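Just so you know, these numbers come straight off a predicted model, no measurement behind them.
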Amino acid sequence: MQVKLLSLAVAAAFASTAGLASAQTIVKIGHVAPTTGGIAHLGKDNEMGAKLAIEDLNAKKLKIGGKEVKFELLPEDDAADPKQGTAAATKLVDAKVNGVIGHLNSGTTIPASKIYNDAGIPQISPSATNPKYTQQGFKTAFRVVANDGQLGGTLGRYAVNTLKVKNVAIIDDRTAYGQGLADEFEKSAKGAGAKIIGREYTNDKATDFNAILTKLKGAKPDLVFFGGMDAVAGPMLRQMKQLGIDAKFMGGDGICTSELEKLGGDALGDGRVICAEAGGVEGAQVKVYNDFKVRFKEKMGAEVQLYAPYTYDAVMTMAAAMQKANSTDPKKYLPELAKISYDGVTGKIAFDNKGDIKNGSLTLFTYKGGKKEQMMVVR
C-alpha cells in the first residue's frame, strides 16, 4: 500500500513538473557577430550586450499569450565573412528562432537579410550602417543606428566646414561598410568644396600600407579618410607616422573604439584622429546611458567597446513588440515592431517605413592623451 502511495506521489510530481514546462514558452533569439578574427572584440561586445538583455528579460518573468516566457540566446559567429554570415543565418532559420539580432557588419548583414526575410523572421541590426540594408524592401529588416548616408555626410561637411581641410585622400577596405562609408564621405566632402587628391583601396585584413601611403604622401593631403575597421586603422596610423604624413585622420564608427588607443599607440596624436559613432545620447539620456555602462562592466566584466548598448536595446525592442502583440510568433509581432516606440538606454527607438531608426544621432569623437574623447552629438 505504501509503495502504491509513493508511486502515486511520484507520478503527481512528474505531472506537476510537466505542467510547469508546458506553461512556459521558450523564445529563441539569434545573435550573429564576428567573435573570431580581427574585430572579435567588437563582436564579443555586441554578444555581451545581447546576453545582458536576455538576463534582464528573464528576471522580469514576462507573460506573453498567457504563458510565462523564457528567452534563450542562440549566438553565432560569422567572422565578418559574408559566406559564413549566410551559413549562420540559415542555421538560425533552421533552428526556428523567433527573431534575430545582428549582424554586426554591413557585409554580412545584407546577404543574411534575404534569408531572414524569406523565412519571415524579424531582424534588427545594432550596428550595420550601409544604406542598402534597408533599401531592399524587406519588411523584416530594421536597424537602431544611423546609416552611412548620415555618417559619411556629417564627416564630410565637418572636415571642410570646421577643420577647413582642402586636399583629401580616401582609402577604403573594399567591404560593403568601408566602401559605402567612403563613397558617402567623398560625395559630402566634394559638395562642401574639398578636392579629392587620391582614392586608394586595401582590404579588411591588410597590415602593410606603405605603397598606397607613399603614393598619397606626394599629393600632400590635409586629411586622410579611411573607410574600414580599427584593426586596419591602427597599423595604418603607425605607418603614416613612420612616413611623416602629417595629416588629420578621419573614419566612421568602425575605427571609433577604445581598442584604437592600443592599435594606434602614439600615432594617434592629440586631436589628430576624428571619428563618428552611429548613435549618441544627450541631455537626461546621458545618465541612463552611463549607468548602463557601469552595470555592463559589473555584469560582463568588460568595458563597453562600441555597440553593446545598441545590441541590448535591439533585444529589448524586439521583446517589447512581442508584448504589444501578445505573441512571440514572428508573423504576429512583426507589425508591432514596425510601429514600435520604445525608450531604450540609447534613447527613443522608432522606425521609418524602410526600417531605419527615426531621428538617428551621431557622435563625433577625437583622441587626446591616448584616450577617446567625445566632441559633440549631432542629428
Side-chain angles (χ1 to χ4, degrees), residues 105-107 127-135 143 145-202 204 209 212-213 216-217 219-230 232-233 236-237 240 245-257 260 268-269 271-280 306 356-357 359-367 372-379:
N105 309 72
S106 297
S127 47
T129 53
N130 190 300
K132 186 183 172 186
Y133 169 52
T134 51
Q135 288 173 358
R143 71 171 124 223
V145 290
N147 67 33
D148 288 339
Q150 296 160 289
L151 202 67
T154 297
L155 287 169
R157 289 187 296 275
Y158 186 83
V160 179
N161 299 333
T162 305
L163 299 180
K164 306 297 181 188
V165 302
K166 292 182 173 62
N167 297 321
V168 176
I170 299 173
I171 306 170
D172 78 66
D173 67 359
R174 299 274 81 179
T175 64
Y177 163 71
Q179 188 175 348
L181 180 62
D183 288 346
E184 293 294 341
F185 171 83
E186 180 174 357
K187 195 192 312 176
S188 175
K190 268 185 182 174
K195 182 183 178 185
I196 309 303
I197 50 99
R199 176 96 189 232
E200 297 294 330
Y201 311 99
T202 182
D204 60 350
F209 315 100
I212 58 174
L213 290 175
L216 292 173
K217 183 183 177 181
K220 297 183 179 174
D222 302 320
L223 180 142
V224 174
F225 182 88
F226 174 59
M229 307 301 283
D230 58 5
V232 175
M236 188 180 290
L237 273 163
M240 281 174 64
I245 300 174
D246 186 27
K248 294 271 189 190
F249 189 83
M250 186 177 268
D253 46 346
I255 76 163
C256 218
T257 68
L260 189 68
L268 288 174
R272 180 191 185 190
V273 178
I274 295 102
C275 57
E277 203 173 284
L306 191 57
D356 281 314
I357 191 161
N359 199 29
S361 62
L362 302 167
T363 308
L364 292 176
F365 290 90
T366 190
Y367 293 81
K372 184 175 163 185
E373 189 177 286
Q374 184 171 322
M375 294 162 69
M376 68 182 81
V377 175
V378 292
R379 290 184 186 274

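- At least one side-chain heavy atom of F249 sits less than 4.5 Å from a side-chain heavy atom of M240.
- M250 is not listed as a side-chain neighbour of L364, based on a closest heavy-atom distance of 4.5 Å or more.
- Taking each heavy atom of P221 and A247 in turn, the nearest pair found is O-CB, 3.4 Å.
- Residues A278 and L151 come closest through the heavy atom pair N-CD1, 3.9 Å.
- Between the side chains of D253 and Y177, at least one donor N or O sits under 3.5 Å from an acceptor N or O.
- For the pair T134/R143, a side-chain contact is recorded, criterion being any heavy-atom separation below 4.5 Å from C-beta on.
- The number of heavy-atom neighbours closer than 6.0 Å to NZ of K372, taken from other residues, nucleotides and ligands shown, is above 12.
- Here the side chains of L268 and L260 are in contact, with some heavy-atom distance below 4.5 Å.
- No side-chain donor-acceptor contact under 3.5 Å links N147 and T129.
- Here the closest non-hydrogen pair linking A192 and N161 is CB-OD1, 4.2 Å.
- Screening L216, V224, D172 for a side chain to side chain contact (heavy atoms under 4.5 Å, CB included) involving E200 leaves a single residue, L216.
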* To do: Could you go through the side chain to side chain contact (heavy atoms under 4.5 Å, CB included) check for I212 and F209 one step at a time?
  => CA-CA 6 Å; I212 58 174; F209 315 100; 4.2 Å; yes

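- The line from SG of C275 to CG of L362 is 11.5 Å long, rounded to the nearest 0.5 Å.
- You'll find the side chain of D173 stays beyond 4.5 Å of the side chain of V232, heavy atoms only.
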* V378 and R157: side chain to side chain contact (heavy atoms under 4.5 Å, CB included), yes or no, with the steps? -> CA-CA 12 Å; V378 292; R157 289 187 296 275; over 6 Å; no

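- Side-chain contact between F225 and I171 is absent, with no heavy atoms from C-beta onward closer than 4.5 Å.
- Atom CD1 of I255 is separated from atom CD of E277 by 11.5 Å, given to the nearest 0.5 angstrom.
- Taking every heavy atom of both residues into account, G153 and S188 meet most closely at O-OG, 2.7 Å.
- Looking at residues two or more places apart in sequence or on another chain, you find no salt bridge (Lys or Arg N to Asp or Glu O under 4.0 Å) involving K248.
- Between the side chain of N130 and the backbone N or O of K132 there is at least one donor-acceptor pair closer than 3.5 Å.
- Rounded to the nearest 0.5 Å, atoms CD1 (I245) and NZ (K220) are 12.5 Å apart.
- Contact annotation: the side chain of Q179 never approaches that of Y201 to less than 4.5 Å [non-hydrogen atoms, C-beta and beyond].
- Neither side chain, T202 nor R174, offers a donor N or O lying under 3.5 Å from an acceptor on the other.
- F185 is listed as a side-chain neighbour of I170, based on a closest heavy-atom distance under 4.5 Å.
- Minimum interatomic distance between A219 and I197 (heavy atoms only, all atoms of both residues): CB-CD1, 3.4 Å.
- K195 contributes atom NZ, which lies 12.5 Å from atom NZ of K166 (distance to the nearest 0.5 angstrom).
- Comment: D246 does not engage R272 in a salt bridge, judged by the lack of any side-chain N to carboxylate O separation of less than 4.0 angstrom.
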* Could you go step by step and tell me if K164 and D222 meet the salt bridge (charged side-chain N to carboxylate O under 4.0 Å, His left out) rule? -> CA-CA 9 Å; K164 306 297 181 188; D222 302 320; over 6 Å; no

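- Contact record, Q374 with F365: CA-CD2, 3.4 Å, taken as the closest heavy-atom pair.
- A distance of 6.0 Å separates CG of D204 from OG1 of T175, quoted to the nearest 0.5 Å.
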